[in-house]
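Report on the following structure.
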Amino acid sequence: MIITFFPFVGSVLQASLYIMKYPYAELLYGSNSAEIEMKLCFVKKDDTEKILHAANVCSDQIPELMKKLFSNKWHKFSKADIPPVKYIECVLRHSSVDLAAFVRFLAGCNGNIDALYNKRSREGKRYYTYMREVTKSYHSLCMFARTEVFDNLIISEINPPHSISDLFCKWLGRRNPDLPVAVIQNDIAYIANGEYLGYKHFDVLPASEIESLRSSKRDEKLENLWDMYYCTQMIDNRRNPGLAKKMQPAYTSGISRMAAKDRYRVERGISNTTLFDFTSI
Amino acid sequence: MKYLSSGTKYDSCNQSAICHAFGPDGRCIQLYKTLLTNYCSGECTYCPNRCERDVTRVSLSPDEITKITWSFYRKNAIEGLFLSSGVIGEPEITSQKQLEVATLLRQQGFKGYIHLRLMPGTPKYILDQIAEVANKFGVNAETTNKSNYSEICPNFDYQNDVLQRLHWTDRIIRKKRKEFRGTNRLVGANDTQFVVGAVNEPDSEIVNTVSEFMKKYSLRRPYFMSFDPVPDTPLSENRPSPLWREQRLYQVSYLLKEYGIKADDFDVVYDEHGFLSNSDPKLELAKANRDMFPVDINSASFSDLIRVPGIGPISADRILRSRPLFEEKELTRMGVVVGRARPFICINGKSQASLSDFLEACS
C-alpha cells in the first residue's frame, strides 16, 4: 500500500492517521498532484497496489484531525512553546525535514502530545530542534531584515534558509496596514496588502512584476540617521563584546546591509575618532 | 537628535517583543529612544541634564520626532517610540508636550508601541489622556525611600510626585485592561526604574521596595541602572556602582516575579550590610536552605522543582509532563543545566554524594 500526501498540516495529519492504521504502508509526498503522479510512476509495483491519498483539509477541520491523532489533549502546550498545530507547520517548513519520517513520528507518538515537546526520544528532540530553528529563523527575519521604502510600496529582499518568506511578508503587512508590502526571495515576490495594487490581499507573483512598481526612492539618508542614532545608544564603559555577539550572532549580518553594519560595530565597537577629527587638527 | 538620543541611553525600556539591533554593550535596541528636550529645571544630583550643568541644550519638535519615528518604523528598524524629557518649567507642561507627540503619531495611524517616561508630579488628568494613546507610561522611582529621594532629586517629593503617580498609573492600567480585553490593543503594565548605588541604599532595601511595588502597584518589571558618576555633578566624585550588582538585582526581581519567592526569603543571602554577593542568588538561596534538598525529580511539585538551581519554569514544566524520568541525559534534553542542578536533585533514587554524607556514613 502507498499513502500519498502534501506537505501541508491537514494532509500530514491525515497521512499520520492512515499510517497508524496501515503501519507497513509506503509514504510518498509531493507539493502538488502532478508531482505525486510522477513519483507514483516510479514507486508503484503494479496496478493492483492500493493507494490512499491524504488530501489537504481546510483549517476548520484540523482540530478534528488533531483530536483523532492526539485525543483530547491535542491543544495542550506549555507557556514556553508554540501550540501543536503551529509546531507541525514549523517542522514542515524546515529545509532538512524528511516528511515521511515526520509522519511516522507523529503516528508513533501514540496520542501522547507531550512527545512533541519533551525531547525524551531522539526523534522528538530532532523535530523539536527543527521547530525551534524555523521559529528562530522567522524571528531573526523580523528583527534584522530591513525594508526599502518607496512612495507606494515597501520592499524587502530576503533569502532565509527555510520556507518562511510568506510568513514574514504577512507580518510586515500587519505592521504596515496602510501600504502594500512586497517580500522578494530570488525570483518570487510575496505581496501583502495587495489590494492597494489591484492584487489579492496576499498574493504570490514573479519578482519581475514588482520591479516595475518601484517608484523613486525616498529617505536616502535614513541609513545615516540610523547609524547616528545607533551610536548614541552605546555606553562606552559598558562594552560587552561577548554578550553583544551572543545577542546578535554573526549569521544575522547576512540578513540585511544595515544589520551587517550594526553587527560590525558589535564586533569592533564604535570608533570615537573620525577622518574629520584628523583633518581639523 | 544626537544629543537627545544620547540623553536616553541610560534609560532602560523593553516591550519584550522584537529587538531590531544590539549595541556593542549587548543591550537591545527596539525603540527610538529620545528626550523631547534636555533643558531641565531639575537639580537631580546624578543627572547629566541637571539645570546647573554646562551642556549643549537642544529640543526636538513633536513633528520632527514623529517623522523620525515613522521613518525608522517603516524601515523595520524599531518597534516604536520611547519618549522621555527634561522638565520644561513645570511637569504639567512637559507631560503635555509628550502627550502631543503621542497623539500626533496615533492621529497619523501609527500602530507601533509608544512608551512615555513621565515627569514626577504629572497631573492625573494628563495621565488619563496619555493612557488613551500610549501603550506604557510611568514615573521613575529612582530610589527606595523619601529621604534618599530628596537627597538625589531635591525638587520633587517621593510620596506625592512618585508613589501617588505609580498608584494612579496602576488604577488607570487596570481600567484600560478591562476596557480593551479581547482586542489587539496592547496595554502595558506599571514599570519603574531604580538608579542603583547613587545613594547608599543596600540591596535588601531595593528588593523589599520592588516586592512592595509589585504588591501595591502591580509593578510588572523593575529596571535597574548602575550609578555612573557624571562629571560636573554633585556626585561626580562618588564611586560607580559595580555592573554585576545590577545583574544580580535583575535576577532577584525575576525570582520574585516568576518563581514566587518572597522578599523575606532572601534575608539569608545578604551580607551583614544587606548587600548581595556577586553570585547567582538562586544558588545562594539553595545553599542556605540545604534541608529542602535533594528534591526527587519524579515526585517533587512545580514549586519545589523551580527552586533547584539549573531548573527554570520551562524545564520544570517539561519535567512534570514527562515523568517518570530515569537518567540525567533526559533532563539535559529538557533544558536543565544538570551540572548546576546535580547537587540538589535525586533521580531514580540516586543523588550526588556530598562530603557531609560521607562523614555521616563514616561515623
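Chain identifiers are assigned alphabetically (A, B, ...) following the order of the sequence lines, protein sequences preceding nucleic acid strands; residue numbering begins at 1 within each chain. All values reported here derive from a predicted model rather than from experimental measurement.
Of the possible polar contacts, one joining the Q233(A) side chain to the S5(B) backbone as a donor-acceptor pair under 3.5 Å is found. Without hydrogens or angle criteria, Y230(A) side chain to F22(B) main chain gives a donor-acceptor distance under 3.5 Å.
At a 4.5 Å heavy-atom cutoff, the contact between M247(A) and chain B is made by backbone and side-chain atoms alike. The part of D178(A) that comes within reach of chain B is its side chain, from C-beta onward, which places non-hydrogen atoms under 4.5 angstrom from that chain. Only the backbone of S121(A) has a heavy atom closer than 4.5 Å to any heavy atom of chain B. Both the backbone and the side chain of I235(A) have a heavy atom closer than 4.5 Å to some heavy atom of chain B. Only the backbone of L141(A) comes within contact range of chain B, with at least one heavy atom under 4.5 Å from a heavy atom of that chain. In this structure, no portion of R174(A) lies under 4.5 Å from any heavy atom of chain B.
Distance check, rounded to the nearest 0.5 Å: CG of D317(B) to OH of Y117(A) gives 11.5 Å. Here the CD atom belonging to Q30(B) is positioned 9.0 Å from the CE atom belonging to M143(A), to the nearest 0.5 angstrom. L179(A) CG to R74(B) CZ: the interatomic distance, rounded to the nearest 0.5 Å, is 4.5 Å.
Contact check for W226(A) versus I78(B): side-chain heavy atoms found under the 4.5 Å cut-off.
The candidate from T252(A), D262(A), N176(A), L172(A) with the greatest count of non-hydrogen atom pairs under 4.5 Å with chain B is N176(A).
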